[in-house]
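Position 1 is the first residue of the sequence; numbering continues from there. Both ligands and their constituent atoms are indexed starting at 1 by order of listing. All heavy atoms count here, side chains included; hydrogens, waters and symmetry mates do not.
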Amino acid sequence: MENTALFPALGGFAHGGDYNPEQWLDRPDILREDIRMMKLAGVNCVTLGVFSWSVCEPREGEFHFDWLREVMDSLFENGIYTILATPSGARPAWLDRQYPEAMRVSAQGVRNRHGVRHNHCMTSPKYREKVRIIDRELARRFGRHPGLLMFHVSNELGGACWCDLCAEKFRDYLRDVFHDDIEALNRAWWTTFWSHRYASFDEVEPPYANGEGSVMGLNLEWKRFTTHSMNDFLRFEIGVLRAECPDVPVTTNFMTLYNGLDYRRMAPSVDVVSWDSYPRYENDYESLYETMAENAFHHTVMRSMKRDKPFMLMESAPGLVNWHEFNKVKRPGTHFLACLQAIACGSDTAQYFQWRKGRGSFEQYHGAVVDHLGADDTRIFRETAEVGAALKRLAPAAGTLVKAKAALIFDWDARWAIQDAKALAESTKRYEETCIGIWKEFLRMGVEMDVVASDADLTPYRLAVAPMLYLLQPRTAANLRRFVENGGQLLATYFTGCVDKDALCYLGGFPGDGLAELFGVVSEEIDTLYPADRNAVRCTEPGWGEWEVRDYAETLRVADAEVLGSYASDFYAGTPALTRKAFGAGHAYYMAARCTPAAMRPLFAHMLADAGILPRPLPEGVEFHLREGASGAYAFYLNHGAEPASLSGETGVELLTGLPVSGSFTIPPKHAVVIFRHKTKR
Ligand code: GLA
Ligand code: ZN
């Protein structure tokens with residue numbers, strides 16, 4: 001086990017998930033059975049306390065923690081560790097009744113009634129006071145428990161609150177951003193348009209659903225503020241825990257590319273990034289490989305937020321979920337592949353929601369390791385136990401890291417600004433899909449590619465792709481320029497550098513902020529094509545071929561870039577569509593039209609070669625990742641196909657079977673092989 005392992009106490013990976021014994025306190029037999037079954041499934045870690053407030057504090061100031069102590073003790077006696085959650089994800093009825101300000105206000109300005117979860121006000125001093133009390137109790141009572149691995153703050157923080165307190169905090173935030181200068185705000189938001197000028201910050205309102213929605217800068221700043229506010233709440237809870245137990249690591253569970261929060265701004269607040277993964281496996285619109293590849297993208301987004309340590313898969317469904325449009329069960333082998341994929345992508349944990357299905361309420365039919373049937377020989381239970389056994393065999397890989405040399409740039413700011421821009425075609429903007437599609441093509445080529453923000457440190461990378469980087473953060477242009485100057489291979493596309501951080505258009509040509517000089521091009525017009533319209537890019541490089549164009553085509557004014565491809569038809573036939581400019585020690589490519597990532601593969605391959613990155617050729621349906629550590633590297637091959645896959649070029653030991661590999665090897669259908677390449681042998 002390498003020394004960056006998240007949980008040295010476990011001697012390897014964490015395997016387990018959300019466990020809610022508080023739903024079964026009248027069934028000591030079930031609690032005993034849980035421990036027996038957890039051991040059988042190779043579970044070494046559970047998450048306790050999520051949504052347990054009404055049991056821990058049934059009446060204001062009246063605490064009941066004996067159950068939690070007993071459960072944590074007996075888990076620990078049986079070798080099972082605890083991740084302890086704060087209960088702030090759902091409020092007890094007494095709290096909302098006594099302190100209605102704790103309840104969130106909707107975008108229409110209407111206060112919620114008590115109920116459901118994940119809907120508190122992030123600003124309310126009363127709510128914070130109550131959270132502080134319960135969190136402090138938890139930390140004091142359990143923060144030194146030998147079975148405690150970490151704290152888990154709240155659950156899936158999300159949404160926004162539009163109450164008067166939050167609106168006031170928003171105005172304070174704006175005063176800060178614009179240095180108390182209302183004219184700076186007026187300029188940044190172009191408020192003279194439609195007579196929207198403000199005379200003072202007191203006049204600014206959040207973009208209520210029934211209010212101001214036409215000021216792009218305001219909409220964007222509200223989204224940033226919501227992240228700021230959520231982060232503030234997160235930090236507040238972390239502060240309470242750290243004051244009692246400074247050494248216990250803290251996380252909170254993120255949700256894929258959740259649109260409402262810029263996770264990049266929140267990640268620094270936590271010690272470890274964790275997330276919840278619920279793909280639509282075995283659907284009727286794509287192959288399992290495609291679904292898995294997209295999931296790998298999400299893992300990578302999480303991993304890339306803290307490159308120096310593993311991340312955590314905090315939740316996944318052992319069998320099925322209950323909230324997809326079609327709640328299909330995972331086919332045999334899929335669960336195993338999904339868990340190994342998390343590990344392959346750099347997670348130190350494979351955890352589930354949930355350990356045992358409850359009898360009633362909203363999630364009674366949500367998949368769990370233990371079904372209502374209660375048996376330890378169900379298919380799901382057996383497959384979970386297989387994962388447990390496999391993770392034990394892979395234990396030495398815990399703490400190792402994926403070290404990508406390529407990066408895809410994905411920004412929440414750009415995403416929000418693109419969503420809000422009254423331009424292009426709503427149905428084909430597809431910023432996320434465009435990023436994911438390109439990323440998947442690199443995965444198919446067997447190249448590890450981090451997913452980072454446009455102002456992230458790019459020094460670890462030699463190749464970067466920045467699709468549709470519509471909005472430039474203040475440091476973005478300089479960052480990209482430095483990257484290329486220092487030898488990086490950079491690709492940008494249509495719809496790049498149109499607006500600054502306030503969503504104000506650049507003057508003098510897109511891409512703005514000096515990027516036109518970096519790429520040697522200026523975009524003159526962007527043509528939004530109808531779904532049936534087609535064009536093509538004819539490449540001048542031998543063998544690159546002709547790439548079909550859909551959705552978007554920019555016409556370019558080329559200054560000092562080399563033209564690598566031109567449009568095939570329409571009034572701009574023969575004009576440049578793909579360019580390259582040598583800049584410093586690197587190259588800046590500009591791709592003016594939307595083509596499929598598969599068509600663009602020759603370009604990617606060329607950039608990889610210039611970057612000195614070696615792709616790993618893979619058969620169709622096979623996914624590859626490499627975790628590297630001090631003693632060697634772990635090569636993960638996941639075969640998502642229904643047929644065995646044959647590969648060659650590995651020497652080492654296959655860890656799931658313990659058998660040596662030298663040269664060629666076969667991956668059984670819907671299975672994985674993990675080859676340890678010992679350092680001295682390479
Ligand atoms: C989320 C929540 C869990 C549970 C699952 C169900 O991830 O964090 O509490 O509701 O969804 O899939
Ligand atoms: Zn509020």
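- Annotation for ligand 1: atoms under 4.0 Å from non-hydrogen atoms of Glu156 are 1 (C), 2 (C), 7 (O), 8 (O).
- Contact annotation: the side chain of Arg303 never approaches that of Val273 to less than 4.5 Å [non-hydrogen atoms, C-beta and beyond].
- Annotation: cation-pi geometry satisfied between Arg356 and Trp24 (NZ/CZ under 6.0 angstrom from ring centroid, within 45° of ring axis).
- Residue contact check: Phe51 has heavy atoms under 4.0 Å from atoms 9 (O) of ligand 1.
- Residues Tyr258 and Trp275 form no side-chain contact, since every pair of their non-hydrogen atoms from C-beta on lies 4.5 Å or further apart.
- With a 4.0 Å cut-off on non-hydrogen atoms, Gln354 does not touch ligand 1 at all.
- Taking atom 4 (C) of ligand 1 as the reference point, the nearest protein heavy-atom neighbour is Glu363 OE2, 3.3 Å.
- Taking the six-membered ring for Trp, His640 and Tyr281 have ring centres at least 6.0 Å apart.
- Ring centroids of Tyr127 and His120 are separated by less than 6.0 Å, placing the two rings close together.
- Heavy-atom separations between Trp323 and ligand 1 include at least one value shorter than 4.0 Å.
- Atoms of ligand 1 found under 4.0 Å from any heavy atom of Asn155, numbered from 1 in the order shown, are 2 (C), 8 (O), 9 (O).
- Between Tyr431 and Phe410, the ring centre distance stays below 6.0 Å.
- For atom 11 (O) of ligand 1, the nearest non-hydrogen atom of the protein is Glu315 OE1, 3.7 Å.
- Angle subtended at the Zn ion (ligand 2) by Cys163 SG and Cys161 SG: 110°, rounded to 10 degrees.
- With a heavy-atom cut-off of 4.0 Å, His366 touches ligand 1 through its side chain alone.
- Of the heavy atoms in Arg117, only side-chain atoms (C-beta onward) come closer than 4.0 Å to ligand 1.
- Side-chain contact between Trp67 and Val55: present, with at least one pair of heavy atoms (C-beta onward) separated by less than 4.5 Å.
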